[in-house]
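What follows is a short report on a single structure.
Here is how names work: the chains are called A, B, and so on, in the same order as the sequence lines, proteins then strands, and each is numbered from 1. All of these numbers come straight from a predicted model, not from anything done at the bench.
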Amino acid sequence: MAKNLLIVESPAKAKTIEGYLGKDFLVKSSYGHIRDLVKTDDAIDTEDNFKQKYEVPSDKKSVVSELKKLAKEAEMVWLASDEDREGEAISWHLYETLALKDDKTKRIVFHEITKPAILSAIEKPRKIDFNLVNAQQARRVLDRLVGFELSPVLWKKVKPSLSAGRVQSVAVRLIVEREREINRFEAEASYKIVAQFTTGKGREQFKAELPHRFERKEDAAQFLNDCIQASFSIASLEKKPAKRSPSAPFTTSTLQQEASRKLGFSVARTMQVAQRLYEAGRITYMRTDSVNLSDTAINAAEQEIVNAYGEKYHKLRRYKTKSAGAQEAHEAIRPTYFSEHSIDGDNAERRLYELIWKRAIASQMSEAEFEKTTAKIDVSTRSEDLVATGEIMKFDGFLKVYMESSDDDSENTQDQEGDNALLPPLEKGQALSLKAMNATQRFSRPPARYTEASLVKKLEELGIGRPSTYAPTISTIQNRGYVVKEDRDGRERHYTVLTISEQQVLEELKTETTGAERSKMFPTDIGVLVNDFLVEHFNDIIDYHFTAKVEKEFDEIAQGDKEWTAMLKDFYGPFHHGIQDTLENADRASHERELGVDPASGKPVTVRVGRFGPLVQIGAADDEEKPRFASLRKGQMIETISFEEAMDLFKLPKKVGEFEEKEMTVAIGRFGPYIRHASAFYSLPKGVDPMEVSEDEAIQIIKEKRQKDIEKVIRVFEENAEAQIENGRWGPFIRLGKQNVKIPKGTDVDKITYEDVLKWADADPKGKAAAAKKAGAKATTKKATTKKTTAKKTTTKAKK
DNA sequence: CAGTGAGCGAGCTTCCGCTTGACTT
């Protein structure tokens with residue numbers, strides 16, 4: 001039996017550390033927190049100094065009982081959870097729950113998982129820091145009070161099952177306010193002048209721009225006109241050295257941002273893949289706010305850089321964390337072994353590893369050096385100069401391995417090209433000949449909508465949320481229906497281009513698409529409704545600076561300068577008063593808007609949030625004639641929908657004709673426009689206007705879809721016509737009546753027998769359940785739900 | 001998957017942070 005039991009938070013960490021410590025140490029994991037507040041409303045007694053009721057959640061029971069047993073047998077228990085607020089609290093909960101003895105318990109901390117760091121930590125044990133524990137309790141209790149008092153207000157004043165909290169509500173607010181900024185935004189047009197020159201002697205071309213833009217088309221045209229007769233020469237030539245430095249190695253937030261931009265991963269996907277890399281021992285811990293590298297890592301990186309690229313590519317760098325509220329219990333995210341430039345694994349794992357490796361290696365490399373050339377070009381007929389810039393890389397430095405991408409939208413690519421182009425050799429006074437020149441109308445751009453990753457970045461800047469909660473928070477606000485991540489089509493916009501052609505200024509009208517979005521965060525009507533309600537009644541809680549303010553107080557508690565219950569009392573008094581006041585006096589939240597009067601019936605047209613989401617209604621509920629309803633579509637919101645758009649919603653569904661003696665109807669559903677024919681649905685191809693579909697077109701669409709369905713089928717089994725192999729979105733699968741059957745990995749699809757199908761179908765209980773649900777869903781939906789709730793009721797009663 | 005469009009009545013929903021599987025699609 002081991003003399004010492006050492007407890008850390010993560011099992012992967014435990015395995016590594018066990019290797020560093022001899023057989024005298026048994027290293028186990030607590031799997032994070034082992035205790036939490038009970039889930040009921042009586043978890044905190046606000047009348048009695050915020051006394052808490054804790055319990056071991058059911059999924060932690062076995063962990064706790066095992067640790068309890070091992071602790072009893074050990075001579076010494078070492079609590080080695082992370083050195084931050086939460087880590088200290090985990091140690092304290094372990095101490096309490098495992099009923100440890102003071103003289104048999106030691107608390108140690110380390111920031112990096114290396115043998116020397118751990119050995120030296122063991123040399124310097126300490127006691128549990130109760131100031132830090134109290135700071136955590138204050139945090140935990142405050143979050144519970146806020147969440148569990150605010151949410152029920154929403155149930156009563158908005159709609160059941162909604163939620164609010166210190167973190168999620170601010171995340172939603174950011175998205176709602178950004179959307180409003182975009183709606184308010186009015187683009188300003190200006191004309192940008194770009195010229196193409198050739199040097200007198202060679203045929204080498206380069207681009208130059210006018211540094212300022214013209215607001216009026218006439219002024220831009222005048223400039224072009226003046227250039228027709230002008231002569232051009234180099235007025236001045238300036239060369240300046242420039243440097244670019246690498247970024248710090250990844251934290252959770254920067255990893256999520258880069259993986260989103262470069263690999264197109266959602267933040268949840270990034271964390272899943274990183275978790276696998278961590279468990280495989282490929283990278284250090286992936287939930288961290290630290291940019292710090294251990295000395296061993298810095299040395300290993302140096303060795304790898306010198307080996308692979310040479311001495312001059314290396315530069316030792318130490319990075320400082322900038323973000324608010326960083327607790328830095330871990331290292332930055334880096335490869336465990338810098339010598340492994342790439343790894344085995346699936347595609348996602350390989351790509352994410354490579355990103356992490358490059359970023360960490362680059363962070364210890366030298367600057368890239370450039371020579372930046374700026375040439376001013378005199379226009380004989382005008383006072384202002386055109387400017388050409390070029391950049392030559394003198395030394396690639398860290399760019400040899402890593403180039404960070406930026407958040408900039410790729411819309412308006414014509415604005416960006418030519419920025420870092422090469423210039424031909426030029427001399428001062430040299431004459432140039434103009435090859436082409438144009439003035440293009442450009443528009444100012446509204447602030448960018450958030451992506452999942454840029455929202456995380458913003459939250460981190462505000463000090464809201466932690467590395468372990470960024471991804472879950474993003475999921476929560478989507479699951480609650482406050483925001484959606486989706487693509488939206490842009491709209492067409494005309495812009496003017498003036499060019500010089502045959503000694504004349506020509507004007508041309510071109511078209512571009514603007515405002516198209518891919519995978520962006522949009523608020524929903526319910527998100528807007530809840531946000532506005534919270535802003536009206538609880539502005540101080542969902543203020544961007546609320547977290548920063550309470551964090552400062554948590555820090556004071558952690559320093560021992562403040563008493564945690566006193567802090568909570570100061571907060572809770574006014575907060576609870578606000579809750580009661582709102583419950584008693586506030587109106588039900590509503591965004592109802594009257595858009596106008598229906599010309600056909602003379603009845604009012606209103607938009608509001610209904611039981612199944614946002615809708616337009618013609619007429620009132622108490623009218624003799626029943627009101628007519630229509631759901632809003634993707635991209636439409638109560639706040640911004642126009643009367644015309646609202647009325648258009650009533651033009652569908654529309655009969656378009658007959659096919660095979662059955663009616664065809666065009667309508668728009670949750671997933672876009674479709675044709676309904678018999679019992680089948682056929683999506684309309686992109687770009688087809690559902691209002692304009694003719695009978696012939698509809699028939700064509702149905703025929704094409706049927707043909708495609710036939711092509712999807714690879715094989716039909718002779719034994720059973722309901723069994724067939726199909727090409728699905730994720731590869732081949734088997735359709736067996738209503739059940740979808742997965743084909744085991746590595747199977748030769750051509751050799752699958754009907755017996756195989758039955759065998760696999762039988763061995764897949766989930767698939768069976770899904771099929772049963774599908775079959776029964778239609779008829780018994782209502783009955784099933786009532787049954788479910790009564791069943792629940794009895795079990796909860798039985799428990800009590 | 002998709003067109004709907006609340007009220008006689010019981011109990012449920014909900015927070016943030018720390019961890020990993022056990023789940024479903």
Side-chain angles (χ1 to χ4, degrees), chain A residues 8-13 29-37 39-41 43-44 57 59-60 63 81-82 84-87 89-90 93 136 139-156 159-169 275 278-279 285 287 327 329 464-470 472-473 476 480 547 608-617 621 626-631 652-654 665-676 680-683 729-730 740 742 765-767 769-770 773-774 777-778 786 788-790 792-794 796-797:
Chain A
V8 293
E9 292 175 34
S10 142
K13 214 179 192 178
S29 153
S30 74
Y31 293 84
H33 274 294
I34 52 146
R35 249 191 354 177
D36 193 14
L37 294 173
K39 282 182 247 330
T40 44
D41 286 341
I44 296 152
D59 59 328
K60 291 293 169 62
V63 177
S81 47
D82 296 344
D84 58 15
R85 218 158 54 197
E86 299 297 328
I90 288 174
H93 282 303
Q136 192 273 345
R139 199 280 305 155
R140 181 68 189 90
V141 169
L142 181 131
D143 280 335
R144 168 58 69 86
L145 290 172
V146 168
F148 274 42
E149 296 211 3
L150 228 39
S151 302
V153 177
L154 298 180
W155 304 344
K156 182 139 184 251
K159 149 180 168 175
S161 304
L162 295 173
S163 67
R166 174 176 59 83
V167 172
Q168 58 169 285
S169 298
Q275 177 84 29
Y278 169 66
E279 283 168 11
Y285 197 55
R287 291 187 274 265
Q327 304 197 5
I464 299 171
R466 303 279 313 133
S468 66
T469 59
Y470 294 138
T473 300
T476 299
R480 293 270 175 277
T547 290
R608 63 184 172 93
V609 178
R611 175 115 160 62
F612 300 98
L615 62 94
V616 192
Q617 178 175 346
K626 271 199 170 180
R628 298 169 67 204
F629 298 97
S631 299
L652 292 172
K654 189 173 125 181
T665 319
V666 175
I668 296 187
R670 173 81 188 75
F671 302 93
Y674 64 94
I675 299 168
R676 173 85 196 257
F681 298 94
Y682 304 86
S683 298
R729 199 135 67 100
W730 296 288
N740 291 350
K742 219 189 265 177
K766 292 178 225 160
K773 210 168 132 193
K774 239 186 245 172
K778 287 250 160 78
T786 34
K788 216 165 120 193
T789 44
T790 43
K792 243 186 191 170
K793 212 189 305 173
T794 47
T796 44
K797 268 185 187 160

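The existence of a salt bridge linking Asp82(A) and Arg287(A) is excluded, since no basic side-chain nitrogen approaches an acidic carboxylate oxygen closer than 4.0 Å.
Within 4.0 Å of Tyr470(A), counting heavy atoms only, lies no atom of the nucleic acid at all. At the heavy-atom level, Pro11(A) lies under 4.0 Å from the strands shown only through sugar-phosphate atoms. Using a 4.0 Å heavy-atom distance criterion, Gly32(A) is classed as a base contact. If you check every strand for non-hydrogen atoms under 4.0 Å, Val146(A) touches nothing. Within the 4.0 angstrom heavy-atom criterion, only backbone atoms of the sugar-phosphate kind lie near Leu162(A); the bases stay farther away. When heavy atoms are screened at a 4.0 angstrom cut-off, Gln275(A) is found touching the sugar-phosphate backbone but no base atom. Using a 4.0 Å heavy-atom criterion, one finds that Arg35(A) contacts no nucleic acid atom at all. Nucleic acid contact class of Tyr285(A) (heavy atoms, under 4.0 Å, all strands): sugar-phosphate only.
Rounded to the nearest Å, the gap between the P atom of dT25(B) and that of dA2(B) is 16 Å.
Looking at DNA chain B, no stem turns up: there is no run of 3 or more consecutive Watson-Crick or G-U wobble pairs with key distances under 3.5 Å.
Side-chain atoms of Ser163(A) stay outside donor-acceptor range of the base of dT14(B), with no qualifying N/O pair under 3.5 Å. Residue-to-nucleotide contacts include a donor-acceptor pair under 3.5 Å from the side chain of Arg140(A) to the base of dC15(B). Judged by distance alone, with hydrogens and angles left aside, Arg139(A) brings a side-chain donor or acceptor within reach of the base of dC16(B), the pair sitting under 3.5 Å.
A stacked arrangement is assigned to Phe148(A) and the six-membered base ring of dT14(B), with a centre-to-centre distance below 5.5 Å and an interplanar angle below 30°.
Shown here are the ring pair (Phe, Tyr, Trp, His ring centres under 6.0 Å) partners of Phe629(A), two or more places apart in sequence or in another chain: there are none.
The phosphate of dG17(B) has OP1 or OP2 within less than 4.0 Å of a side-chain N or O from Thr469(A). Remark: Ser29(A) is not in phosphate contact with dT20(B), judged by side-chain N or O atoms under 4.0 Å from OP1 or OP2. Note on Gln168(A): a side-chain N or O is less than 4.0 Å away from OP1 or OP2 of dC16(B). The side chain of Ser10(A) places no N or O atom within less than 4.0 Å of a non-bridging phosphate oxygen (OP1 or OP2) of dT19(B).
Whole-Å rounding puts the Lys13(A) NZ to dT19(B) P distance at 7 Å. Whole-Å rounding puts the Asp59(A) CG to dT19(B) C1' distance at 10 Å.
Between the OG atom of Ser10(A) and the CD atom of Gln275(A) there is a distance of 7.5 Å, given to the nearest 0.5 Å.
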Quick one: which protein N/O atoms are closer than 3.5 Å to N/O atoms of nucleotides 5-8 of chain B? Pair and distance per line, please.
residue : atom : partner   : partner atom : Å
dG5(B)  : O6   : Ser631(A) : N            : 3.3
dG5(B)  : O6   : Ser631(A) : OG           : 2.4
dG5(B)  : N1   : Ser631(A) : OG           : 3.1
dG5(B)  : N2   : Phe612(A) : N            : 3.0
dG5(B)  : N2   : Phe612(A) : O            : 3.1
dG5(B)  : N2   : Gly613(A) : N            : 3.4

